[in-house]
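In what follows, chains carry the letters A, B, and so on, assigned in the order in which the sequence lines appear, proteins first and then strands, with residues in each chain numbered from 1.
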Protein chains: 2
Amino acid sequence: MSMNNFELYKVFYWAAKTGSLTKAAKTLFLTQPSVSHAIKQLEDSFGVALFSRNSKGVSLTPEGATLYSYIEQSHILIGLAEEKMAELKKLDSGELRIGGSDSLFKHYLLPYLEAFHDEHPGIKLQLIHGTTPEIITFLKEGRIDLGVVRMPIVDPQLEVREGIQLRDCFVAGSRYAELKGQLLSMEQLLEYPIILFSRNSRARKAVNDLFNSHGHDLKPGIEVGSVDLLIELARKGLGISFITREFVSRELEEGSLFEVKLDVKMPVAQVGIMTLRNIPLTQAASEFLGRIG
Amino acid sequence: MSMNNFELYKVFYWAAKTGSLTKAAKTLFLTQPSVSHAIKQLEDSFGVALFSRNSKGVSLTPEGATLYSYIEQSHILIGLAEEKMAELKKLDSGELRIGGSDSLFKHYLLPYLEAFHDEHPGIKLQLIHGTTPEIITFLKEGRIDLGVVRMPIVDPQLEVREGIQLRDCFVAGSRYAELKGQLLSMEQLLEYPIILFSRNSRARKAVNDLFNSHGHDLKPGIEVGSVDLLIELARKGLGISFITREFVSRELEEGSLFEVKLDVKMPVAQVGIMTLRNIPLTQAASEFLGRIG
DNA sequence: AGGAGCTATAGATCATGTCTATGAATAATT
DNA sequence: AATTATTCATAGACATGATCTATAGCTCCT
């Protein structure tokens, strides 16, 4: 296995393509003797003449033509590769794969995603939703570039940046207008029907723990599976929803919902943006990260 | 247009393929720092990380994987090219294109062609027949590697090697047995029906000139278009054939034909093997030339 | 804690690619 | 026919840059 210096093939390519060692030299910003020497090296290594030299340049011998048919392809591929890398660098292509919960996508990331997409329409966006442990698995398997979940995350393989702070709260609609401005105790609150996000969500666990630690048991009247439904049901007056305040900021502003304040401090949750420690980010991911931070 | 040193891609290929800079270094007979440095150059040139370094080697980033998909192809092509060149050198493949007359192919080149083909069955043989000027044109157009014709050839672009000497003569079959061993004059010969090769052949022109220079006119009783027919008709007794002696050596030996001797010196023709001056020969052609010479 | 992997970094070295200068051949000028 | 302008080849000097040695840092495993 001899294996020539690949650089020689670049010289050969241009010599063959231009039909002139002099022109090849100019193309490659070399001198003509350098090109002459490079071609000679190739010819010596193969023991075969690649060009016939005539008075107005060079032309390929049959063997040279055979070689060229391979090298041309090869050269084109490298050219494409270099173009592609430039594209990736300029964020004209590539992809950005983010894992998280649908509600975080919608209520937290959406504006960033929109801006990013506007600026880099060539980047394919992929949003993968799942639970926090699922997201972590995806990240470790290399299926996503970023994970966006609620803190705390403790995993030595992960590097976690802090995102927005989420403050959970109870909200109600006009049906319970009498509670507006009041400060309720847990007991008082528990007399109303409560709407909670279902299952294994971190927010749900946090609020249950909070009530338990005060000797109460928070049992929902209604359990739903989406943040949108939490909002909708609260507006319709079916109960008091436990929800992340940032997700209902619009409704709170326009007055279709108001916060039901408790006399205990509500838990604060950090959004964490996870990446794999020591694994380089893609261009797209690092650009996107810069925007969130 | 920046254009990296292609040699870097060779290093990148092996680093990606082996998943280890150390292994790549061993493959390339380099040291690990050299490989590390080469990869760094590539990464700097693209402004993108190509590998993530972990404790047991390296693995491609998405950008690195993109690059690899191109470089792998490119590398494979160069590998194929180098294999192909080795094949051409070893005469395991390639082609040999010879121009000439059918009779020269059959009666002069055939044994060489057979031997060459036996030894190098991978070489595709191509025989192109035509008149001398046609052969010369083919040669200059690069459609054949060698031309085999009768001398003299005068063309500054051509390099001519001498091949076998051809001595033309008249031959007859048993029908004219009385002429065997005799020395005829031109007048005497002209009383017999003469069989000549037709038209614009060089041999025909030579013999006509010979007779003209002695004040005679050689008019054929029969004109044929192939050497085989010249032989066949003479054997069948339809006349006396003018033919190249080397083409009927078998018949002369076995006695089915005998030479009709004239009292004038018969012209001698050299076979010339033409190649283009200053144009390198293919491996196959130069090997073949060595055998003829 | 120690060892055995791995890669990164710094700096010295030296080989290799590149240059200059020149020659030789051919073709187009004059 | 002599001149000029191309082309590529060759030789030798030079310097760039690839490669090496030595070392450090990190992670994993015993």
Side-chain angles (χ1 to χ4, degrees), chain A residues 2-45 48-61 64 140 155-159 276-280, chain B residues 2-45 48-61 64 140 155-159 276-280:
Chain A
S2 59
M3 248 204 210
N4 278 310
N5 186 324
F6 279 14
E7 194 68 0
L8 297 180
Y9 292 119
K10 189 201 282 175
V11 179
F12 170 75
Y13 172 80
W14 285 107
K17 175 144 185 133
T18 61
S20 152
L21 303 196
T22 305
K23 285 196 191 117
K26 277 174 189 151
T27 308
L28 294 164
F29 302 104
L30 294 177
T31 56
Q32 170 268 318
S34 296
V35 173
S36 186
H37 185 233
I39 298 301
K40 193 165 176 8
Q41 275 185 74
L42 270 186
E43 289 183 325
D44 288 350
S45 86
V48 162
L50 299 172
F51 291 100
S52 59
R53 282 71 167 171
N54 47 60
S55 65
K56 43 183 39 170
V58 294
S59 55
L60 289 165
T61 61
K140 289 183 180 173
D155 191 314
Q157 285 187 59
L158 300 183
E159 185 162 340
L276 281 177
R277 187 178 298 279
N278 295 329
I279 301 278
Chain B
S2 59
M3 247 202 210
N4 277 311
N5 185 323
F6 278 15
E7 193 68 0
L8 296 179
Y9 292 120
K10 189 200 282 175
V11 179
F12 170 76
Y13 171 80
W14 285 107
K17 175 146 185 134
T18 60
S20 152
L21 303 197
T22 305
K23 286 198 192 115
K26 278 175 188 150
T27 309
L28 295 164
F29 301 104
L30 294 177
T31 56
Q32 170 269 317
S34 296
V35 173
S36 186
H37 186 235
I39 298 301
K40 192 165 178 6
Q41 275 186 75
L42 272 185
E43 289 182 325
D44 288 349
S45 86
V48 161
L50 299 172
F51 291 101
S52 58
R53 281 73 166 169
N54 48 59
S55 65
K56 43 185 39 172
V58 294
S59 55
L60 289 166
T61 61
K140 289 183 179 171
D155 191 315
Q157 284 188 57
L158 300 182
E159 185 162 340
L276 280 177
R277 186 179 298 278
N278 294 331
I279 301 279

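- Counting non-hydrogen atoms under 4.0 angstrom, Val35(B) reaches nothing in the nucleic acid.
- Rounding to the nearest 0.5 Å places CG of Asn5(B) at 10.0 Å from NZ of Lys10(B).
- Atom CG of residue Leu276(A) and atom CG of residue Asp155(A) lie 9.0 Å apart, to the nearest 0.5 angstrom.
- Formation of a donor-acceptor pair under 3.5 Å by the Ser45(A) side chain with backbone atoms of Leu42(A) is found in this model.
- For His37(A) and dA9(D), the NE2 to P distance is 12 Å, given to the nearest whole Å.
- Comparing the end axes of the helix from dA1(C)-dT30(D) to dT30(C)-dA1(D), each fitted to five base pairs by superposing C1' atoms of four pairs onto the next four, gives an inter-axis angle of 20° (nearest 10 degrees).
- Using a 4.0 Å cut-off, some side-chain N or O of Arg53(B) falls inside it from OP1 or OP2 of dA8(C).
- Although no hydrogens or angles enter the test, the distance criterion places a donor-acceptor pair under 3.5 Å between the side chain of Glu7(A) and the main chain of Phe6(B).
- Distances were taken from every side-chain heavy atom of Leu21(A) (C-beta onward) to each of dT7(C), dC8(D), dT19(D); the shortest belongs to dC8(D).
- Taking atom CG of residue Asp44(B) and atom P of nucleotide dA18(D), one finds them 13 Å apart after rounding to whole Å.
- When rounded to the nearest whole Å, the span between CG of Leu42(A) and C1' of dG17(C) equals 14 Å.
- Comparing Arg277(B) and Lys26(B), the nucleotide of DNA chain C nearest to each residue sits closer to the 5' end for Lys26(B).
- If you take CG on Leu50(B) and CG on Asp44(B), they are separated by 9.5 Å, rounding to the nearest 0.5 Å.
- Between the CG atom of Leu50(A) and the P atom of dC8(D) there is a distance of 15 Å, rounded to whole Å.
- Phosphate proximity of dA18(D) to Gln41(B): present, with a side-chain N or O under 4.0 Å from OP1 or OP2.
- Comparing dA8(C), dT18(C), dT21(D) against the side chain of Thr31(B) picks out dT21(D) as the nearest.
- Note: CD (Glu7(B)) to P (dT16(C)) measures 12 Å, nearest angstrom.
- If you check dA9(D), dC20(D), dT7(D) against the side chain of Thr22(A), the one that comes closest is dT7(D).
- Judged by distance alone, with hydrogens and angles left aside, the side-chain atoms of Glu159(B) form no donor-acceptor pair with the main-chain N or O of Ile279(B) at under 3.5 Å.
- For the pair Thr18(A) (side chain) and Trp14(A) (backbone), a donor-acceptor distance under 3.5 Å is present.
- Nearest-nucleotide mapping onto DNA chain D: of Gln32(B) and Glu43(A), the residue sitting toward the 5' end is Glu43(A).
- Minimum atom distance to the side chain of Ser55(A) is reached by dT26(C), of the listed dT26(C), dT7(C), dT10(D).
- The side chain of Pro33(B) has dC20(D) as its nearest neighbour among dT19(D), dA21(C), dC20(D).
- When each of dG17(C), dC8(D), dT7(C) is scored by its nearest atom to the side-chain atoms of Asn5(A), the top-ranked nucleotide is dG17(C).
- Atom-to-atom, NZ of Lys40(B) to P of dG17(D) comes out at 17 Å; the value is rounded to the nearest Å.
- Side-chain proximity of Ser36(A) to the nucleotides dA8(C), dT18(C), dA9(D) is greatest for dA9(D).
- The side chain of Ser34(A) approaches dT18(C) more closely than any other nucleotide in the set dC20(D), dT18(C), dT7(C).
- Distance NZ (Lys56(B)) to P (dG5(C)): 13 Å, rounded to an integer number of Å.
- Interatomic distance, Thr61(B) OG1 to Arg53(B) CZ, rounded to the nearest 0.5 Å: 9.0 Å.
- If you measure from atom CZ of Phe51(A) to atom C1' of dC8(D), you get 12 Å, rounded to the nearest angstrom.
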